[in-house]
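Here is how names work: the chains are called A, B, and so on, in the same order as the sequence lines, proteins then strands, and each is numbered from 1.
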Amino acid sequence: MFKYEILKVCGQSGARIGRFTTPHGEIETPVFMPVGTAGTVKGLSPEELKEAGSQIILSNTYHLHLRPGEEIVKGAGGLHKFINWDKPILTDSGGFQVFSLTKLRKITDEGVHFNSHIDGSRRFISPEKAIEIQQALGSDIMMAFDECTASGTDRRKSKEALDRTLRWLDRCDKKATGEKQILFPIVQGNMYADLRIESIEKTLPYAKCGLAIGGLSVGEEKPVMYEMLDALRPYYPNNMPRYLMGVGSADCIVEGIVRGIDMFDCVLPTRVGRNGMAMTFEGDITIRNAPYKDDYSPIEEGCDCYACKNYSRAYVRHLINAGEIMGGRLLSLHNIRFLHRLTEKIKDAIRADRLLDFRREMLANYRIKGVTT
RNA sequence: GGAAGAGUUCCCGAGCGGCCAAAGGGAGCAGACUGUAAAUCUGUUGUCGGUGACUACGGUGGUUCGAAUCCACCCUCUUCCA
């Protein structure tokens with residue numbers, strides 16, 4: 001049911017264009033996947049996402065487990081039906097919440113005890129439980145339950161998390177039988193190249209048709225993240241997509257693809273959009289700011305998204321400023337379309353064997369922000 | 001005409017002798033945001049080139065070492081009585 005075919009390899013960079021077949025359709029990589037944590041890409045309808053070019057979206061095990069509960073989703077006929085999205089869905093395992101809800105958790109080898117961020121109730125998620133939930137949800141791609149560490153974590157703790165992630169992976173793998181859903185294992189190892197290599201070597205036996213790189217974009221400087229990707233690159237198998245988790249700024253996506261990555265996801269376009277910022281080929285611009293109050297040009301010149309075709313910066317700024325939902329919607333839509341346009345341009349460059357040239361040209365005009373968080 | 005109350009920094013509004021360039025909120029301005037506890041969070045908002053000075057709490061004049069705060073008169077507004 002799952003298959004990854006390489007359609008083109010860039011002669012200049014080695015980046016590839018691929019076709020990833022899933023039960024809910026094909027995905028052409030490189031691909032950016034918008035995040036819809038609670039079963040919706042915040043503010044946008046499935047039709048709008050499709051029009052923007054989204055091929056697959058994410059959802060979250062932890063959030064849907066807490067509310068409404070996977071049995072409700074299953075009762076609706078599965079997540080695709082429940083949220084009216086008939087294309088592929090990837091569910092994150094809740095591993096990232098282990099990391100981001102750091103004050104509310106306790107990690108043991110069996111699993112993680114959480115306090116629900118919603119009502120404070122005591123919860124427990126194990127690797128088995130994470131898979132069961134994802135099976136009830138019926139996503140196409142299930143993520144292994146992993147332990148993500150923050151940038152700055154010492155070597156000993158990073159190694160512990162890596163080992164635990166591997167033990168958990170084995171348990172996830174035993175549970176993840178069935179043809180309709182595939183399990184993506186996740187490489188950890190923090191910012192230690194040798195740990196990263198150890199992690200990928202021990203993880204690869206579990207990678208059937210997809211491999212994820214986790215624990216990056218967690219507060220390190222961007223060059224550090226690129227170093228980790230460089231260290232991993234020789235170890236990637238060719239017959240499956242490589243997914244860099246949680247990355248979504250334009251510069252990081254280009255740098256990732258140049259380093260062999262095929263899939264990305266990020267909350268950035270929607271979050272930053274709701275907060276009044278537009279992603280463009282010149283870098284982020286804060287539409288909320290005063291200089292745009294009488295700027296009647298589109299959000300980004302040359303963009304073909306619904307927001308750019310129909311509205312001005314001045315109008316979007318007014319909406320954001322007035323606290324109108326539509327402002328965040330239009331910017332989210334633009335930002336997602338922007339990232340899809342980016343990957344389209346990147347694919348063009350791969351087809352023309354000139355991705356390194358494209359990167360240089362693109363970054364020459366792009367204002368980069370320093371750290372990943 | 002009489003009585004009572006009120007006038008505070010862009011707005012609302014606290015302060016009622018020194019710790020006040022003045023709480024708090026709003027609005028404004030700016031920054032942040034990368035597997036979403038986020039339509040959120042943070043900073044800033046009298047002027048001048050910095051620990052300092054200057055201008056400010058309706059107006060004018062007083063009391064006091066010191067006043068947004070007390071006194072006198074004036075102006076404006078609100079409510080009530082004729």
Side-chain angles (χ1 to χ4, degrees), chain A residues 32-44 56-64 66-67 90-105 114-120 123 130 139 141-151 184 186-188 212-222 225 243-253 255-256 261 263-279 284-286 288-293 317 319-332 335 339 368-373:
Chain A
F32 174 78
M33 309 181 281
V35 178
T37 302
T40 173
V41 175
K42 293 187 191 302
L44 302 179
I56 169 174
I57 61 172
L58 251 71
S59 221
N60 196 293
T61 300
Y62 168 79
H63 297 262
L64 294 176
L66 290 187
R67 187 167 58 191
L90 181 153
T91 41
D92 191 18
S93 63
F96 186 74
Q97 277 62 48
V98 175
F99 161 71
S100 65
L101 301 171
T102 170
K103 289 184 194 105
L104 304 174
R105 67 167 195 209
F114 291 90
N115 280 98
S116 160
H117 70 277
I118 298 166
D119 62 3
R123 303 293 179 130
S139 54
I141 302 170
M142 300 187 288
M143 296 308 298
F145 192 62
D146 65 334
E147 183 182 350
C148 182
T149 52
S151 167
F184 274 30
I186 305 173
V187 172
Q188 288 292 341
I213 317 300
L216 289 176
S217 200
V218 288
E220 75 279 14
E221 302 276 325
K222 287 178 178 179
M225 176 168 82
Y243 163 30
L244 176 56
M245 305 185 76
V247 164
S249 68
D251 54 325
C252 291
I253 287 176
E255 297 286 1
I261 301 297
M263 302 169 71
F264 302 86
D265 79 281
C266 198
V267 304
L268 209 54
T270 44
R271 178 183 289 170
V272 131
R274 289 194 306 283
N275 294 335
M277 191 172 282
M279 302 168 84
D284 294 343
I285 62 174
T286 310
R288 161 168 51 79
N289 285 179
Y292 306 107
K293 69 178 174 215
R317 174 182 191 270
L319 291 177
I320 290 287
N321 233 261
E324 289 293 339
I325 298 171
M326 191 64 178
R329 270 173 41 70
L330 290 174
L331 283 173
S332 293
N335 290 345
L339 291 178
I368 292 180
K369 294 186 185 175
V371 186
T372 70
T373 47

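- Checked by distance alone, A:Asn60 brings no side-chain donor or acceptor within 3.5 Å of a matching partner on the base of B:G35.
- Residue-level contact check: A:Gln188 touches the bases, meaning some heavy atom is under 4.0 Å from a base atom.
- Among the protein residues, A:Pro291 comes within range of the sugar-phosphate backbone only, with heavy atoms under 4.0 Å from sugar or phosphate atoms but none that close to a base.
- Base engagement by A:Met277 is indicated by at least one non-hydrogen atom pair under 4.0 Å involving a base atom.
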*Evaluate the side chain to side chain contact (heavy atoms under 4.5 Å, CB included) criterion for residues A:Ile213 and A:Met245: first the C-alpha distance (whole Å), next the side-chain angles of each, then the deciding distance (0.1 Å), finally the verdict.*
CA-CA 6 Å; A:Ile213 317 300; A:Met245 305 185 76; 5.9 Å; no

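- Rounded to whole Å, the separation between the C1' atoms of B:C75 and B:G58 comes to 8 Å.
- For B:G28, one of the phosphate oxygens OP1 or OP2 lies less than 4.0 angstrom from a side-chain nitrogen or oxygen of A:Asn321.
- In summary, the aromatic rings of A:Tyr62 and A:Phe114 are positioned with their centroids under 6.0 Å apart.
- A:Leu90 comes within 4.0 angstrom of nothing in the nucleic acid, heavy atoms only.
- Separating the P atom of B:A14 from that of B:U64 is a span of 32 Å, rounded to the nearest Å.
- At a cut-off of 3.5 Å, with distance as the only test, a side-chain donor of A:Ser139 or A:Thr91 sits close to an acceptor on the other residue.
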If you restrict it to nitrogen or oxygen atoms, what contacts under 3.5 Å exist between nucleotides 37-39 of chain B and the protein, and what is each distance?
residue : atom : partner  : partner atom : Å
B:A37   : OP2  : A:Ser100 : OG           : 2.8
B:A38   : O2'  : A:Arg274 : NH2          : 3.0
B:A38   : N7   : A:Arg271 : NH2          : 2.8
B:A39   : OP2  : A:Arg274 : NE           : 2.9
B:A39   : OP2  : A:Arg274 : NH2          : 3.1

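- Annotation: ring-ring contact (aromatic ring centres under 6.0 Å, His included) contacts of A:Phe32 (sequence neighbours excluded): none.
- In this structure, CD1 on A:Ile368 lies 7.0 Å from CD on A:Glu255, to the nearest 0.5 angstrom.
- Residue contacts for A:Gly328: at a heavy-atom cut-off of 4.0 Å it reaches no nucleic acid atom on any strand shown.
- The C1' atoms of B:A68 and B:C20 are separated by 9 Å, rounded to the nearest whole Å.
- Remark: A:Arg317 pairs with no residue by the salt bridge (Lys or Arg N to Asp or Glu O under 4.0 Å) rule, at least two apart or across chains.
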